[in-house]
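Worksheet: one structure, shown below.
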Amino acid sequence: MSKRIFIFDTTLRDGEQSPGISLNIQEKLQIAKQLAKLKVDVIEAGFPVASKGDFEGVKAIAQQVDGPVIAGLARAVKQDIDRAWEALQYSARPRIHTFIATSDIHLKYKLKMTRDQVLETVIEMVKYARNLCPEVEFSAEDASRTDREFLYRVFEEAIKAGANVINVPDTVGYATPEEFGRLIRSIMENVTNIDKAVVSVHCHNDLGLAVANSLAAMENGAQQLECTINGLGERAGNAALEEIVMAINTRKDWYKYSTGIETRQLYRTSTMVSSLTGVSVQPNKAIVGSNAFAHESGIHQHGVLSNSSTYEIMTPESIGLKQSQMVLGKHSGRHAFEERLKELGFTLTKEEINEAFVKFKDLADKKKVVLDQDIEALVSEKMTKIPEMYELLYFHISSGNQMVSTATIRLKRDEEIIEEASVGDGPVDATFKAIERGVGMDITLVDYNLKAVTSGKDALGEVVVKIKNNGEVFLGKGLSMDILEASAKAYVNAINKMIYAKGLEHQ
Ligand code: KIV
Ligand code: ZN
């Protein structure tokens, strides 16, 4: 019998802490619902005390997402724990995840506390959290650089105080697999009441060892692995969920463990997270990269065609990457389109399917063959609905290498039509400046990214922009066969998201 490993997903907390990522409530909910479909055991939904947006996100997920345990992060202070509970109380399976640093470096330079003071805080705060919530996880931040004897004491006292899960983070990604495995073994052997708690690990990827460290920990007694989709997270990120899960699945002969993950949802989850965060997946990324199942060399192609096991250790289907048998084009009907949406893992309402079908027909008129990536891009563009204060009605741009670029735009705000024009350093700059004038806001563009959704001259262009306002970043997307239209749409979309987030739409 294989031992069951619990998968704790922290994409919405540690992943969302990555620079430049900021998701609104609708987007967080969409990801959380997909994580529930993926059947993760725990969703860490956010850090409620960190901001109003974080609090509302955790609350909405606690209210609307069933299945997994819903966790919220809190420092080991009452105010954080109260706020976490305020958001989590609606869940059928809430968990407060409280933490404090335990390494001497953190005690001296960050907390300015003695070991005794930290120990007292752990006992007091774990008890406090347990009085509110039936499940409490305690993390010893920077555990891998903490004095061993002190770490054993901290965990022993946390368990006595009521922690159901104790977590061993390699916060700075410093550990190596054998060393980290031994650390977990030593915790199993030296913390006298360890049988009363689940042991968890949380590995960062600064040395590219997060997945290897997590697997080594599992082989030495850890039963919960904390990870993120696409390995998102602070700095170099966290252990990648898809890599951990597929390593356990593919190497059943070696790892005598299992997870409850529905692996055929991995690809869909990865593309959703990438699309909503704006963080693209590197092509050669294990499991979900666009080249992960592509065979370029003739020898490999020949081998795979004779028998896929020659060069494929897992099938694309096992992660939900279907090889489409049917090509969609302008003669395809609604039924075929709906079937393809289902195959791609989208669960849409009738109204959303209708809307997507209109866009599909529109694209199929311009493009001979509509590929899965086109459909994914079309549908994802409108999946998270937010009230859109501004709509782009029209644009006209003139540009060339011997002239000053100018742009005219027309926007609709309620019943009002706004027209503006501007010059700029190139057509995109001119367009963005005209839009800024139209909405009457000073906006800082921090990132602009253009990619072709598929190959070929008739490919859809997808533009992702990030704008900044008061230190907060907002992401906007635009899709079109015309890259200037895609740029303008992306800019307007980012502005609408910013207005939505700031609650300005009622002013
Ligand atoms: O990396 C870390 O130590 C953390 C803790 C809060 C678990 O994210
Ligand atoms: Zn972390």
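We count ligands from 1, going down the list as the structure has it; atoms in each ligand are counted the same way. Counting begins at 1 with the first residue of the sequence.
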Pairing residues for Tyr491 by the ring-ring contact (aromatic ring centres under 6.0 Å, His included) criterion, not counting sequence neighbours
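By the ring-ring contact (aromatic ring centres under 6.0 Å, His included) rule, Tyr491 matches Phe432.
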Euclidean distance, Tyr267 OH relative to Phe293 CZ, rounded to 0.5 Å:
10.5 Å
Exercise: do [X] and [Y] side chains pair donor with acceptor under 3.5 Å:
X      : Y      : answer
Thr11  : Glu16  : no
Thr171 : Asp142 : no
His97  : Glu44  : yes

List, pair by pair, the atoms of ligand 1 and of the protein that are both N or O and lie under 3.5 Å apart, giving the separation rounded to 0.1 Å.
{"from": "ligand 1", "atom 1": "1 (O)", "to": "His202", "atom 2": "NE2", "distance (Å)": "3.2"}
{"from": "ligand 1", "atom 1": "1 (O)", "to": "His204", "atom 2": "NE2", "distance (Å)": "3.0"}
{"from": "ligand 1", "atom 1": "3 (O)", "to": "Thr171", "atom 2": "OG1", "distance (Å)": "2.7"}
{"from": "ligand 1", "atom 1": "8 (O)", "to": "Arg13", "atom 2": "NH1", "distance (Å)": "3.3"}
{"from": "ligand 1", "atom 1": "8 (O)", "to": "Arg13", "atom 2": "NH2", "distance (Å)": "2.9"}
{"from": "ligand 1", "atom 1": "8 (O)", "to": "Asp14", "atom 2": "OD2", "distance (Å)": "3.1"}
{"from": "ligand 1", "atom 1": "8 (O)", "to": "His202", "atom 2": "NE2", "distance (Å)": "3.1"}

Sorted by chain and residue number, the side chain to side chain contact (heavy atoms under 4.5 Å, CB included) partners of Asn220 (sequence neighbours excluded) come out as Ile184, Arg185
Quick one: does Asn238's side chain get under 4.5 Å of His202's, heavy atoms only?
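Side-chain contact under 4.5 Å: yes.
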Counting only protein atoms, how many N/O/S atoms are less than 2.8 Å away from the Zn ion (ligand 2)?
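Counting protein N, O and S atoms closer than 2.8 Å to the Zn ion (ligand 2) gives 3.
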Salt bridge check, Glu135 against Arg130: does any charged N sit closer than 4.0 Å to a carboxylate O?
no
Looking at Lys285 and Glu243, does any basic side-chain N land under 4.0 Å from a carboxylate oxygen?
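Result for this pair is yes, salt bridge flagged.
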